[in-house]
Amino acid sequence: MFSRQGARLLGRVRNENEEPVGGCPVRIEGETNEYSIVTDPDGKFKAWLRWGSQALLIDCHSELYTETRVAIEVPEIGEFTQDFTVKSR
């Protein structure tokens with residue numbers, strides 16, 4: 001039986017002043033597929049990720065913030081939280 005191993009990421013995107021950045025696309029770059037999600041007005045998002053090393057590309061409001069690429073380590077099971085900071089141009 002196939003077991004889906006990975007964890008749910010509860011993420012939050014904020015700017016350098018620790019203010020939430022809503023409406024921000026977050027792209028998950030995986031080995032076999034890619035998909036994007038958008039942060040809610042509080043800068044929060046949820047995503048299920050395969051365990052191991054994963055890359056996220058955060059590209060919020062390009063006229064205001066620089067594109068941010070982040071490597072994360074996803075646990076084998078469960079749920080984890082992580083904050084991400086985007087920098088002003």
Side-chain angles (χ1 to χ4, degrees):
M1 175 183 223
F2 176 73
S3 174
R4 195 170 109 152
Q5 295 182 337
R8 187 166 96 163
L9 167 61
L10 304 175
R12 181 171 56 171
V13 176
R14 300 185 298 176
N15 64 22
E16 295 165 305
N17 296 322
E18 297 189 9
E19 300 166 327
V21 182
C24 177
V26 177
R27 189 170 76 209
I28 291 86
E29 299 177 328
E31 296 173 3
T32 58
N33 60 16
E34 289 186 10
Y35 65 95
S36 293
I37 47 182
V38 177
T39 60
D40 71 12
D42 295 321
K44 295 179 181 179
F45 68 95
K46 297 176 187 174
W48 185 91
L49 303 172
R50 291 177 60 114
W51 74 282
S53 298
Q54 298 289 335
L56 275 63
L57 180 65
I58 304 168
D59 191 13
C60 305
H61 314 291
S62 59
E63 69 281 357
L64 299 175
Y65 302 105
T66 60
E67 182 179 271
T68 304
R69 183 177 301 276
V70 181
I72 61 172
E73 285 298 319
V74 179
E76 195 167 341
I77 58 171
E79 189 172 88
F80 68 109
T81 60
Q82 190 160 341
D83 288 344
F84 304 94
T85 302
V86 291
K87 296 185 180 190
S88 299
R89 289 201 174 271

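Side-chain contact between Tyr65 and Val13 is absent, with no heavy atoms from C-beta onward closer than 4.5 Å. Counting only heavy atoms from C-beta outward, the side chains of Glu63 and Arg89 never approach each other to under 4.5 Å. Side chains of Ile37 and Ile28 form a contact here, defined as non-hydrogen atoms less than 4.5 Å apart. In this structure, the side chains of Arg27 and Asp59 stay at 4.5 Å or more apart for every pair of heavy atoms. Ile72 has its side chain within reach of Phe80: a pair of non-hydrogen atoms, C-beta onward, lies under 4.5 Å apart. Between Leu9 and Leu56, some side-chain heavy-atom pair lies under the 4.5 Å cut-off. Between Asp42 and Arg12, every side-chain heavy-atom pair lies at or beyond the 4.5 Å cut-off.
Shown here for Pro75 and Trp51, the closest heavy-atom pair between the two residues is O-CB, 3.2 Å. Here the closest heavy-atom approach between residue Trp48 and residue Tyr35 is recorded as O-OH, 2.7 Å. For the pair Leu10 and Lys46, the tightest heavy-atom approach, listed with the atom from each and the gap, is CD2-CG, 3.6 Å. Closest approach of Ile58 to Cys24, counting heavy atoms only: CG2-SG, 3.5 Å. Residues Cys60 and Val86 share a closest heavy-atom pair of SG-CG1, 4.1 Å.
Atoms CG and CD, on Leu49 and Gln5 in that order, are 14.0 Å from each other to the nearest 0.5 Å. The distance from atom NZ of Lys44 to atom OG1 of Thr81, rounded to the nearest 0.5 Å, is 10.5 Å.
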What do the steps show when you test Arg50 against Val74 for side-chain contact (heavy atoms from CB on, under 4.5 Å), and what is the final call?
CA-CA 7 Å; Arg50 291 177 60 114; Val74 179; over 6 Å; no
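A single hydrophobic cluster is not seen to contain both Val21 and Val38; linkage of ILVMFWY side chains at heavy-atom distances under 4.5 Å, directly or through other members, places them apart.
Although no hydrogens or angles enter the test, the distance criterion places no donor-acceptor pair under 3.5 Å between the side chain of Asn17 and the main chain of Glu19.
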